[in-house]
Amino acid sequence: MTVHTVGELLRQWRHRRRLSQLDLAISADVSARHVSLVETGKSNPSADMVLRLADRLDVPLRERNRLLLAAGFAPRYAERPLDDDGLSAARGAVARVLRAHEPYPALAFDRRWNIVMTNRAVEPFFADVDPDLLRPPINLVRLGLDPRGFAPLVLNLADVRAVFRSRIRRQLAVAPDAELTALYEELLEPGSEDASSRSVESDVVIPMILHVDGRQLQLFSTITTFGTPMDITLDEVAIESYYPMDAESAAYFEESVGDVKPRAVSFRDRSGLTACRSRR
């Protein structure tokens with residue numbers, strides 16, 4: 001495995017952000033010469049300087065720890081399971097957000113799109129999913145695109161695939177990840193099946209159109225993340241909330257969510273993250 005110095009890692013992040021040494025220096029309120037010396041290994045930055053540069057480069061918390069280690073310092077940011085006592089307030093906040101969004105679907109997932117929590121309105125969509133796809137970690141991308149998952153319900157599957165592709169491309173540009181890259185290559189590499197899909201880059205909203213119980217549902221989604229988290233787990237958790245685009249879609253969920261009975265589906269993933277499914 002290649003071992004990089006802190007200067008090499010900072011230079012990689014600077015190039016990823018398409019910034020010059022002068023751009024970074026001005027943003028971090030240091031001299032361009034100092035940035036150059038750090039990147040070439042001629043100056044050993046303090047832990048505070050590493051974090052100041054990382055903050056200006058919008059480096060994720062997981063990678064900030066890596067920068068600190070490369071510079072010879074202890075990691076600054078903890079990574080705890082979502083069911084850890086120290087994250088009880090944050091976990092409760094996620095549960096409240098999911099529950100408050102009922103009767104419409106909402107779920108939380110981690111940086112690799114593994115589901116960690118859902119509300120009751122998501123439950124009916126698991127009914128016909130192949131049990132193999134419900135073995136932890138349950139991946140939202142695989143669940144959405146696999147023929148054994150939600151794919152048979154999605155009338156505009158090419159559009160939905162294009163949205164996933166666009167989002168994960170942007171995510172990988174911000175923070176490269178080997179497992180997420182493998183997922184992209186497995187399920188999202190452009191192919192002939194996408195020839196009919198429209199470009200998603202210029203559209204304001206791309207609906208997901210589902211055929212469920214003989215009805216056509218149109219949904220769009222929003223993403224919520226924690227502001228200025230100091231824990232890696234929270235830094236990497238996102239909440240996706242789905243909204244109806246028409247009255248018929250709204251009525252479907254308003255009629256059905258009260259009849260949902262919770263199912264025992266575990267969302268524990270390989271990092272130890274545990275779902276605390278939101279229930280009333």
Side-chain angles (χ1 to χ4, degrees), residues 1-82 84 86-87 90 109-114 164-185 188-190 199-202 223-239 271 273:
M1 183 177 68
T2 303
V3 177
H4 295 285
T5 66
V6 66
E8 291 170 336
L9 292 173
L10 285 168
R11 183 169 60 248
Q12 289 175 8
W13 281 105
R14 180 173 61 77
H15 288 168
R16 209 169 275 137
R17 298 297 183 256
R18 300 181 179 180
L19 296 175
S20 68
Q21 289 182 343
L22 180 59
D23 292 331
L24 177 58
I26 292 172
S27 176
D29 195 24
V30 298
S31 70
R33 183 173 182 273
H34 186 60
V35 171
S36 176
L37 291 174
V38 169
E39 289 188 353
T40 58
K42 295 177 181 178
S43 177
N44 297 319
S46 66
D48 286 344
M49 178 57 66
V50 170
L51 292 176
R52 183 193 300 185
L53 295 174
D55 180 66
R56 300 310 186 272
L57 291 167
D58 195 26
V59 177
L61 299 191
R62 181 181 299 276
E63 296 301 319
R64 294 187 194 193
N65 276 349
R66 186 183 176 199
L67 289 170
L68 288 167
L69 286 169
F73 301 106
R76 185 72 58 91
Y77 304 99
E79 181 179 12
R80 294 165 288 186
L82 194 57
D84 186 276
L87 297 183
F109 56 90
D110 65 17
R111 68 188 173 116
R112 290 172 175 156
W113 295 71
N114 295 319
F164 274 130
R165 182 183 299 116
S166 177
R167 288 170 63 178
I168 293 180
R169 274 179 177 168
R170 290 197 299 268
Q171 186 178 343
L172 288 172
V174 170
D177 179 88
E179 286 195 31
L180 192 58
T181 297
L183 182 72
Y184 179 91
E185 292 173 347
L188 294 168
E189 285 286 12
S199 170
V200 300
E201 299 296 338
S202 60
I223 299 290
T224 303
T225 58
F226 280 90
T228 61
M230 296 299 289
D231 181 278
I232 291 174
T233 295
L234 298 185
D235 188 45
E236 297 175 345
V237 167
I239 300 172
S271 67
L273 217 66

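This structure is a prediction, so every number in the text was calculated from the model and none was measured.
Here the shortest heavy-atom pairing between V6 and A70 reads N-CB, 3.7 Å. Annotation for R11 and E39: closest pair NH1-O, 3.0 Å, computed over non-hydrogen atoms. Across H34 and S43, no two heavy atoms sit closer than the pair CE1-OG, 3.6 Å. The two residues I223 and R167 have their closest heavy-atom pair at CD1-NH2, 3.0 Å. The two residues E8 and H4 make their nearest non-hydrogen contact at OE1-CA, 3.2 Å. The minimum heavy-atom distance between R52 and V30, with the atom names listed, is NH1-CG1, 3.4 Å.
A distance of 7.5 Å separates CD in E63 from CZ in R16, rounded to the nearest 0.5 Å. We find the OG-CD1 distance between S31 and I26 to be 11.0 Å, quoted to the nearest 0.5 Å. Atom-to-atom distance recorded for Q21:CD and R33:CZ is 12.0 Å, nearest 0.5 angstrom. Here CG of L180 is found 9.0 Å from CG of L188. Values are rounded to the nearest 0.5 Å. Put simply, CH2 on W13 and CG on L24 are 13.5 Å apart, with the number rounded to the nearest 0.5 Å. Note that CG of D48 is 11.0 Å distant from CG of L53, once rounded to the nearest 0.5 Å.
Within the structure, salt bridge (Lys or Arg N to Asp or Glu O under 4.0 Å) pairs that include any residue of residues 227-238 comprise R62-E236, R80-D231, R111-E236 (at least two apart or interchain).
Looking at L82 and L234, their side chains come closer than 4.5 Å, going by heavy atoms from C-beta outward. Looking only at side-chain heavy atoms (C-beta outward), R76 and L61 stay at 4.5 Å or farther from each other. The shortest side-chain heavy-atom distance between T233 and P81 does not fall under the 4.5 Å cut-off. Between L19 and R56, the closest side-chain pair of non-hydrogen atoms is not below 4.5 Å.
N44 CG: 12 or fewer foreign heavy atoms inside a 6.0 Å radius.
Considering only residues two or more places apart in sequence or on other chains, Y184 meets the side chain to side chain donor-acceptor pair (under 3.5 Å) condition with R169.
Applying side chain to side chain contact (heavy atoms under 4.5 Å, CB included) to P45 and the options V50, L51, L37, L67 leaves one that passes, V50.
In this structure, the side chain of R17 engages the main chain of V174 through a donor-acceptor pair within 3.5 Å.
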